[in-house]
2 protein chains.
Amino acid sequence: MNFRKQLTGGLSSLILSAVMSGSLLAAGVAEFNDKGELLLPKNYREWVMVGTQVTPNELNDGKAPFTEIRTVYVDPESYAHWKKTGEFRDGTVTVKELVSVGDRKGPGSGNGYFMGDYIGLEASVKDSQRFANEPGNWAFYIFYVPDTPLVAAAKNLPTAECAACHKENAKTDMVFTQFYPVLRAAKATGESGVVAPK
Amino acid sequence: MNFRKQLTGGLSSLILSAVMSGSLLAAGVAEFNDKGELLLPKNYREWVMVGTQVTPNELNDGKAPFTEIRTVYVDPESYAHWKKTGEFRDGTVTVKELVSVGDRKGPGSGNGYFMGDYIGLEASVKDSQRFANEPGNWAFYIFYVPDTPLVAAAKNLPTAECAACHKENAKTDMVFTQFYPVLRAAKATGESGVVAPK
């Protein structure tokens, strides 16, 4: 094999590896188009669910500031990194899925809030090179919310829209770990559930 | 190789294969001890979360019939089967984790219910041979609830305690799919999230 063939082969491997990692910058599952927009994450309901909250309209003067139920996921490899190190790695992706309140009474379980239909999808990505100027290197995205259409690719939102509140109020590296028991319990413990007594 | 060696080798393979499948009966992640008790599932917070509900005490005369927040998981292989076929395979395991209400107000997101601490763990297993006489072949287990200690292995609960209500009220094969949007959306669709427009 001559030098040129070796060089071409080496470059192809490098490009293939960059393409397969989904980003030319940080490792991770985030994929961007040539405009730098984040592509809609795939199969995120199979990621690790870290916390779910409900802020129903009826407890917020008929109009909750955010939609009523929200479920937050972290991609599995970044979760594994968090479980081992207690840190969000470069390339971490979180997805926040918005869900309407469905039933308000369960058979046997009483009055409350049960999940209805999907009504929105948001995401955030941590990338120290791509988002070098954002607080904590996190970017935030909306793919759809009620009354706006679903888009296949989303622009990074202005810092003031999401990042500012996350920076001010989220407990760990722009992430609201205070509301996510899965992350609190797993942090640098290597465990993803209660452990059986000996 | 003589006949005796062949027989021993064949039996070893059979036993090894049964041990590796985690059960001598249905395939799946459920593991049982020699008393037939279900062992505490491992890493279930990395399984597929199918739905979360909250029935707070204050909406139930100060004492909710079930603990306040509940998150339900399905093991990943059984979820993949559901996504493909719309059915719960033999060997399906679900875990229900009980969570206290923590904060009641979020920065920006308003009044509501946020996840606090883990306070209980329950599970169910579908196995047509092991539970041939149970409704839908499902067995139900409690590993701990508030005021009872965590156990490493749990007995199948009497049919009247869980199965009877599930049989009467759960929409699909003893499972409350009416409260689990992840399962409703994935049912025989091959999809685990919203799909980007073309």
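To find a chain, count down the sequence lines: A is the first, B the second, and so on, and within it residues start at 1.
If you tally non-hydrogen atom pairs under 4.5 Å between each of A:Tyr44, A:Tyr180, A:Phe66 and chain B, the highest count goes to A:Tyr44. The most heavy-atom pairs under 4.5 Å with chain B, out of A:Ala152, A:Ala80, A:Ala186, A:Pro107, come from A:Pro107. Among the candidates A:Val54, A:Leu40, A:Val50, the residue making the largest number of heavy-atom pairs closer than 4.5 Å to chain B is A:Val54. Interface check for chain A: of the options B:Ala196, B:Pro65, B:Ala185, the most heavy-atom pairs under 4.5 Å are formed by B:Pro65. Ranked by heavy-atom pairs shorter than 4.5 Å toward chain A, the options B:Val194, B:Thr67, B:Val182 are led by B:Val194. Ranked by heavy-atom pairs shorter than 4.5 Å toward chain B, the options A:Gln53, A:Gln178, A:Arg104, A:Glu68 are led by A:Gln53.
In this structure, the portion of B:Asp103 lying under 4.5 Å from any heavy atom of chain A is its side chain and not its backbone. Contact of B:Lys83 with chain A is made through the side chain alone, with heavy-atom distances under 4.5 Å. Residue A:Tyr144 touches chain B through its side chain alone, counting heavy-atom pairs closer than 4.5 Å. When heavy atoms are compared at a cutoff of 4.5 Å, A:Tyr118 approaches chain B solely by way of its side chain, counted from C-beta outward. Both the backbone and the side chain of B:Leu150 come within less than 4.5 Å of a heavy atom in chain A. With a threshold of 4.5 angstrom between heavy atoms, B:Val95 does not approach chain A through any atom at all.
Between B:Phe131 and B:Trp138, the ring center distance fails the sub-6.0 Å criterion. Taking the six-membered ring wherever Trp is involved, the centroid distance between the rings of B:Trp47 and B:Tyr79 does not fall below 6.0 Å.
Under 3.5 Å, the side chains of A:Asp90 and A:Ser128 contain a donor-acceptor pair of N or O atoms.
Residues A:Val93 and A:Val151 share a single hydrophobic cluster, defined by chaining ILVMFWY side chains whose heavy atoms lie under 4.5 Å apart.
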Got a list of side-chain donor-acceptor pairs under 3.5 Å for residues 108-116 of chain A, not counting sequence neighbours?
residue: A:Asn111; atom: OD1; partner: A:Lys105; partner atom: NZ; Å: 3.4
residue: A:Asn111; atom: ND2; partner: B:Leu59; partner atom: O; Å: 3.0
residue: A:Tyr113; atom: OH; partner: A:Glu58; partner atom: OE2; Å: 2.7

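Dense packing is recorded around CG of A:Asn33, with more than 12 heavy atoms of other residues, nucleotides or ligands lying under 6.0 Å away.
A salt bridge is absent between B:Lys187 and B:Glu87; no separation between the charged side-chain nitrogens and carboxylate oxygens falls under 4.0 Å.
Residues A:Phe140 and A:Glu122 have side chains not in contact (no heavy-atom distance under 4.5 Å, counting atoms from C-beta outward). Contact of the A:Leu183 side chain with the A:Phe88 side chain is registered, since non-hydrogen atoms from C-beta on lie closer than 4.5 Å. Inter-residue side-chain proximity for B:Thr92 and B:Val125 is flagged as unmet; no heavy-atom pair is nearer than 4.5 Å.
Sorted by first and then second residue, the salt bridge (Lys or Arg N to Asp or Glu O under 4.0 Å) pairs involving residues 173-184 of chain A (not counting sequence neighbours) are A:Lys126-A:Asp173, A:Arg184-B:Asp117.
Residues B:Glu37 and B:Ala153 share a closest heavy-atom pair of OE1-CB, 3.6 Å.
Atom OG1 of residue A:Thr148 and atom CD1 of residue A:Ile142 lie 7.5 Å apart, to the nearest 0.5 angstrom.
Listed by sequence position, A:Cys165, A:Asn169 are the residues of residues 155-171 of chain A in contact with chain B, using a 4.5 angstrom heavy-atom cutoff. At a heavy-atom separation below 4.5 angstrom, chain B is approached by A:Arg70, A:Thr71, A:Tyr73 within residues 70-78 of chain A.
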For this session: Begin from the C-alpha positions of B:Arg45 and A:Met49 and carry the test side-chain contact (heavy atoms from CB on, under 4.5 Å) through to its verdict.
Result: CA-CA 7 Å; B:Arg45 289 184 201 139; A:Met49 190 288 293; over 6 Å; no

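In terms of modelled atom types and a separation under 3.5 Å, the side chain of A:Asn137 and the main chain of A:Asp127 share no donor-acceptor contact.
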